[in-house]
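Encoded as structure tokens, the structure appears first; notes follow it.
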Amino acid sequence: MDYQRILEEIADEVKPILKNGIVANYIPELAKVPQDKFGMYLLTLDQETYAVGDYDEKFSIQSISKVFMLAMAVGKCKEKVYRRVDVEPSGDPFNSLVQLEYEEGIPRNPFINSGALVVTDMLISNLDDPRGEFLEYVNNLTGQDDIKYNEKVAASEKLHGFKNAAMVNLIKSYGNIHNDIEDVLDLYFDFCSIEMTCHELAKAFRVFANHGKGVIDSHRYLTKSQFKRIAAIMLTCGFYDEAGEFAFRVGLPGKSGVGGGIAAILPNEYSIVVWSPGLNKKGNSYAGMKALELFTSKTASSIF
């Protein structure tokens, strides 16, 4: 399979639609990113690498960090995580309050904002230094030591995160937040502000493609059972209320972020990351969704 040629073909095919969608403007720092950026990176378990475009430029991974948050929480708390966060698709926007109230403070899944806030609360309760240990965890997944939080992005989110503040207060009223709400919010915004390149994200997600076992360090970050559950949640809940569409069009477990990134895996084979900042109405990368649809169609590779 000539993956490099395929990536170059995809880059040419999506170039006309890079102007579509809207760069996330409710977080002012994200609104500064040029809309014409596009990068794609494929990394196989056999160490083969293929890339095109702005694959080595850092961007805010935003909700993609929720996969790392969940993986770390499951590693620490095991199945207890799923007593406080459900595993069902939401069918509603990622920042919806209505469903959260109806279901009495139990978020639908860990990949919507309310679910990630509860996971953040768990990490605060179970780690001595959650801010530092989480960053170390992400660096270990990539085999690096230079991945950092973007303080400007985190500060921008803190100034405009009114719905997240409403969510964490609502969850607290039902007893499903155990720590100080300001501590939970601050840490959550830091987690989402992590900056990575397509290359770095592909290295981190390759651990999930390898069923939770490190490729570089051979460390087991997740048991096979834990990986199976997280991969299932990625497939059914990884794209807000557009998860069914992504499964239908692309057919890979993955996770998106409003920074325009999408990271996905084909277990036992590869991880793949695409970045294009213009978002569709559901908050997913407009060109990124199309690029991955083209990739799995051209390569005939999906979990189905």
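Keep in mind that what you see is a predicted model, and the values were worked out from it rather than measured. For the single chain, residues carry numbers from 1 onward in sequence order.
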First locate atom [atom1] of [X], then atom [atom2] of [Y], and finally report the distance between them rounded to the nearest 0.5 Å.
{"X": "Lys228", "Y": "Leu222", "atom1": "NZ", "atom2": "CG", "answer": "13.5 Å"}
{"X": "Asn179", "Y": "Lys172", "atom1": "CG", "atom2": "NZ", "answer": "7.0 Å"}
{"X": "Leu279", "Y": "Ser256", "atom1": "CG", "atom2": "OG", "answer": "9.0 Å"}

Closest heavy-atom contact between [X] and [Y]?
{"X": "Leu235", "Y": "Ala247", "result": "CD1-CB, 4.0 Å"}
{"X": "Asn126", "Y": "Met122", "result": "ND2-O, 2.8 Å"}
{"X": "Ile106", "Y": "Asn176", "result": "CD1-ND2, 3.7 Å"}

[X]: which residues meet the side-chain hydrogen bond (donor to acceptor under 3.5 Å, both in side chains) condition with it, sequence neighbours left out?
{"X": "Lys58", "value": "Glu200"}
{"X": "Thr236", "value": "none"}
{"X": "Glu242", "value": "Asn280, Asn284"}
{"X": "Tyr55", "value": "none"}

Test side chain to side chain contact (heavy atoms under 4.5 Å, CB included) applied to Met234 and Ile265, step by step: CA-CA 10 Å; Met234 281 198 281; Ile265 60 169; 4.0 Å; yes
Under 3.5 Å, is there a donor on one side chain and an acceptor on the other for [X] and [Y]?
{"X": "Lys203", "Y": "Gln144", "result": "yes"}
{"X": "Gln62", "Y": "Glu157", "result": "yes"}
{"X": "Glu195", "Y": "Asn150", "result": "yes"}
{"X": "Ser90", "Y": "Asn109", "result": "no"}
{"X": "Gln99", "Y": "Glu103", "result": "no"}

Selection residues 24-35 - residue pairs positive for salt bridge (Lys or Arg N to Asp or Glu O under 4.0 Å), sequence neighbours left out: Glu29-Lys32
Qualifying salt bridge (Lys or Arg N to Asp or Glu O under 4.0 Å) pairs with a residue from residues 34-46, counting only residues at least two apart or across chains: Lys37-Glu57
Check this for me: [X], atom [atom1], are more than 12 non-hydrogen atoms of other residues, nucleotides or ligands nearer than 6.0 Å?
{"X": "Lys158", "atom1": "NZ", "value": "yes"}
{"X": "Phe304", "atom1": "CZ", "value": "yes"}
{"X": "Ile22", "atom1": "CD1", "value": "no"}

[X] side chain vs [Y] backbone, donor-acceptor pair below 3.5 Å:
{"X": "Thr44", "Y": "Glu48", "answer": "yes"}
{"X": "Asn139", "Y": "Asp146", "answer": "yes"}
{"X": "Ser271", "Y": "Ala202", "answer": "yes"}
{"X": "Asp86", "Y": "Pro107", "answer": "no"}

Review item, side-chain donor-acceptor pairs of residues 10-21, under 3.5 Å, at least two apart:
unit_1: Glu13; atom_1: OE2; unit_2: Lys298; atom_2: NZ; d: 2.9
unit_1: Lys19; atom_1: NZ; unit_2: Pro16; atom_2: O; d: 2.6

Within residues 254-280 or reaching into it, pairs that qualify as ring-ring contact (aromatic ring centres under 6.0 Å, His included) - sequence neighbours excluded: Phe59-Trp275, Tyr270-Phe295
Pairs meeting criterion ring-ring contact (aromatic ring centres under 6.0 Å, His included) with involvement of residues 168-203, two or more places apart: Tyr41-His199, Phe134-Phe191
Mind checking what makes ring-ring contact (aromatic ring centres under 6.0 Å, His included) contact with [X], not counting sequence neighbours?
{"X": "His219", "result": "Tyr221"}
{"X": "Tyr286", "result": "none"}
{"X": "Phe227", "result": "His211"}

Distance under 6.0 Å and angle within 45° of ring axis: Lys290 vs Phe246: no
